[in-house]
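In what follows, a single structure is set out as structure tokens and then discussed.
Computed from heavy atoms alone, side chains included, the values below leave out hydrogens, waters and symmetry copies. None of the values given here were measured: they were computed from a predicted structure.
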Amino acid sequence: MRTRSTARTPMLTEIGFGGAQIGNLSRPIDDDVARGAVDAAWDAGIRYFDTAPHYGLGLSERRLGAALRDRPRDDYVLSTKVGRLLIDSPETAHLPDDDGFAVPAAVRRRWDFSRDGILRSVEESLDRLGLDRIDIAYLHDPDEHWEAASTSGVGALIELREQGVVSAIGAGMNQAGMLADFVERCDVDMVMVAGRYTLLDDAAAERLLPLAAERGVGVVAAAVYNSGLLSSPRPPAEATHDYSTAPVELRDRAHAIADICERHGVDLPSAAIAHPLRRPEVVSVVVGLRTREQVESTLERYRTRIPAAVWTELTAAGLVAA
């Protein structure tokens with residue numbers, strides 16, 4: 001698998017393993033299925049793995065760490081996230097998690113972008129992972145916490161970078177505007193933008209990507225299927241966009257893109273993966289992977305050659321920006 005980097009980032013494989021699914025996002029899977037997905041990713045050449053405490057209330061970190069623990073540590077890059085601490089909550093342990101993961105609510109999330117909160121988050125992630133270091137630490141979804149995240153949060157991550165605890169620091173969000181602010185105003189190495197540089201949403205192209213190019217900051221593109229709408233060759237009526245039912249106009253636009261793709265012998269999901277990698281600022285596309293079969297289909301899509309005529313026609317039709 002091809003790799004990419006910038007002067008500020010580790011070398012990443014162009015496809016990264018997104019760990020939310022093995023944290024039981026939306027529905028449960030057992031440990032063997034999760035391990036099979038990680039093993040298949042490794043066998044396919046994927047060497048960038050991303051997780052977070054938020055994913056399954058620590059379950060994703062535990063499963064991913066167990067699957068990677070016996071691999072040569074210098075052979076892969078691991079990222080996790082900070083800003084949500086997991087606090088014991090025995091009084092809710094009999095209830096299901098209320099934030100999208102099929103796990104018991106034995107702990108609760110608490111926002112904390114203070115210096116102590118960041119240091120504690122990294123220490124607890126290392127414990128759950130069972131690994132000796134994290135390569136990349138992202139501030140996770142600081143949408144309502146700019147002041148703390150951009151001061152004490154970034155400051156704590158810089159400390160950890162200077163100490164060699166992490167190699168690179170940044171932020172991961174479902175919006176492009178604040179990520180551009182982080183690149184412009186803070187000493188970050190990379191950002192993860194979810195759902196904002198896709199075939200249907202190019203918000204990141206306005207400020208984020210040009211700023212990243214100017215400053216040598218790497219961009220990881222996540223949620224390139226926009227949470228489902230672009231994951232099938234033909235989006236069904238119940239397809240989701242940003243985790244809600246897709247509006248009719250967006251579904252129609254996805255079908256129009258699919259029409260052009262099919263005329264050139266490729267499918268919509270393959271184009272969705274290829275699109276962000278057209279930009280040199282994008283160092284990896286992270287795809288959420290739950291099973292061995294999903295890994296195999298993702299790699300098949302990644303290896304699909306998209307004719308230049310597809311992009312020319314999509315641009316001419318006004319469906320995708322140049």
Side-chain angles (χ1 to χ4, degrees), residues 1-4 11-22 25-27 29 32-51 60 63-64 67-68 71 75-77 192 194-195 197-201 220-236 239-241 246 251 254-279 282-314 319-320:
M1 180 175 292
R2 293 181 296 271
T3 57
R4 296 186 180 195
M11 191 69 71
L12 304 182
T13 47
E14 288 189 340
I15 297 296
F17 184 103
Q21 304 276 3
I22 63 168
L25 179 64
S26 302
R27 61 184 187 274
I29 59 171
D32 289 341
V33 171
R35 178 61 181 259
V38 179
D39 289 347
W42 185 275
D43 292 343
I46 292 174
R47 294 294 183 270
Y48 175 37
F49 298 87
D50 175 70
T51 184
S60 174
R63 283 175 165 170
L64 187 58
L68 293 176
R71 313 279 188 185
D75 286 3
Y76 62 89
V77 175
M192 177 180 285
Y197 193 58
T198 74
L199 289 172
L200 295 173
D201 190 330
V220 173
V224 296
Y225 297 142
N226 282 126
S227 86
L229 184 54
L230 299 174
S231 64
S232 301
R234 284 289 172 176
T240 58
H241 176 267
R251 197 167 68 245
H255 278 286
I257 295 171
D259 289 340
I260 292 173
C261 289
E262 289 172 7
R263 282 203 292 271
H264 293 275
V266 297
D267 65 16
L268 183 63
S270 297
I273 286 178
H275 172 63
L277 291 169
R278 299 166 66 209
R279 295 288 295 243
V282 174
V283 291
S284 186
V285 168
V286 166
V287 180
L289 298 170
R290 185 187 302 268
T291 65
R292 182 178 294 274
E293 291 74 22
Q294 285 185 353
V295 174
E296 292 168 354
S297 65
T298 296
L299 269 294
E300 182 179 354
R301 291 167 176 176
Y302 164 68
R303 293 175 181 136
T304 298
R305 179 184 174 275
I306 310 297
V310 170
W311 308 120
T312 301
E313 194 168 340
L314 288 172
L319 293 168
V320 173

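Thr51 meets the side-chain contact (heavy atoms from CB on, under 4.5 Å) test with Tyr55, Ser60, Glu61, Leu64, Leu78, Thr80, Leu129; sequence neighbours excluded. Contacts of Arg278 classified as salt bridge (Lys or Arg N to Asp or Glu O under 4.0 Å), with partners at least two apart in sequence or in another chain: none. Considering only residues two or more places apart in sequence or on other chains, Thr298 meets the side-chain hydrogen bond (donor to acceptor under 3.5 Å, both in side chains) condition with none of them. Arg47 meets the side-chain contact (heavy atoms from CB on, under 4.5 Å) test with Thr13, Trp42, Tyr76; sequence neighbours excluded. When the side-chain contact (heavy atoms from CB on, under 4.5 Å) test is applied to Pro307, the partners found at least two apart in sequence or on another chain are His264, Val266, Arg305, Val310. Listed by chain and number, the residues in a salt bridge (Lys or Arg N to Asp or Glu O under 4.0 Å) with Arg290 amount to none (sequence neighbours excluded). With sequence neighbours excluded, no residue forms a ring pair (Phe, Tyr, Trp, His ring centres under 6.0 Å) with Tyr225. The ring pair (Phe, Tyr, Trp, His ring centres under 6.0 Å) check on Tyr197 picks up His275, with sequence neighbours excluded. For Glu313, the salt bridge (Lys or Arg N to Asp or Glu O under 4.0 Å) partners two or more places apart in sequence, or in a different chain, are Arg263. Among residues two or more places apart in sequence or in another chain, the side-chain contact (heavy atoms from CB on, under 4.5 Å) test is passed with Thr291 by Val33, Glu293, Gln294. Every side-chain hydrogen bond (donor to acceptor under 3.5 Å, both in side chains) that Asp50 has, sequence neighbours left out, goes to Ser79, Lys81. Legend: residues meeting salt bridge (Lys or Arg N to Asp or Glu O under 4.0 Å) with Asp259, ordered by chain and number and at least two apart, are Arg234.
By the 6.0 Å contact criterion, CD on Glu262 is enclosed, its count of non-hydrogen atoms from other residues, nucleotides or ligands being greater than 12.
Taking the side chain as every heavy atom from C-beta outward, Met11 and Val77 never approach each other to under 4.5 Å. Considering only heavy atoms from C-beta on, Arg301 stays 4.5 Å or farther from Val287 through its side chain. Tyr48 is not listed as a side-chain neighbour of Arg4, based on a closest heavy-atom distance of 4.5 Å or more. By the 4.5 Å heavy-atom criterion applied to side chains, Leu200 and Ile257 are counted as neighbours.
Across all non-hydrogen atoms, the minimal contact from His255 to Pro235 is NE2-O, 3.0 Å. For Ala274 against Trp311, the heavy-atom pair with the smallest separation is CB-CZ2, 4.0 Å. Nearest heavy-atom pair, Ile15 versus Met1, reported as atom, atom and distance to 0.1 Å: N-SD, 3.6 Å. Nearest heavy atoms, Ala246 versus Arg251: O-NH1, 3.6 Å. Residues Ser284 and Gly16 come closest through the heavy atom pair OG-N, 3.5 Å. The minimum heavy-atom distance linking Gly195 with Asn226 is given by the pair O-ND2, 3.1 Å.
Between Arg71 and Asp39 there is a salt bridge, since a side-chain N of the basic residue sits under 4.0 Å from a carboxylate O of the acidic one.
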Taking it one step at a time, do Asp43 and Val295 satisfy side-chain contact (heavy atoms from CB on, under 4.5 Å)?
-> CA-CA 10 Å; Asp43 292 343; Val295 174; over 6 Å; no

Stepwise side-chain contact (heavy atoms from CB on, under 4.5 Å) check, Leu230 with Val224 | CA-CA 8 Å; Leu230 299 174; Val224 296; over 6 Å; no

Step by step, would you call Val38 with Arg63 a side-chain contact (heavy atoms from CB on, under 4.5 Å)?
-> CA-CA 9 Å; Val38 179; Arg63 283 175 165 170; over 6 Å; no

Check step by step if side-chain contact (heavy atoms from CB on, under 4.5 Å) holds for Tyr302 and Val285.
-> CA-CA 10 Å; Tyr302 164 68; Val285 168; over 6 Å; no

Let me see the working for Asp267 and Ser270 under side-chain hydrogen bond (donor to acceptor under 3.5 Å, both in side chains), right down to the final yes or no.
-> CA-CA 6 Å; Asp267 65 16; Ser270 297; 2.7 Å; yes

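Leu12 contributes atom CG, which lies 8.5 Å from atom OG1 of Thr3 (distance to the nearest 0.5 angstrom). Note that CD1 of Ile306 and CG of Leu277 are 10.5 Å apart. Values are rounded to the nearest 0.5 Å. One distance of note links CD of Glu14 with CD1 of Ile46; it measures 11.5 Å at 0.5 Å rounding.
In terms of modelled atom types and a separation under 3.5 Å, the side chain of Thr304 and the main chain of Glu300 share a donor-acceptor contact.
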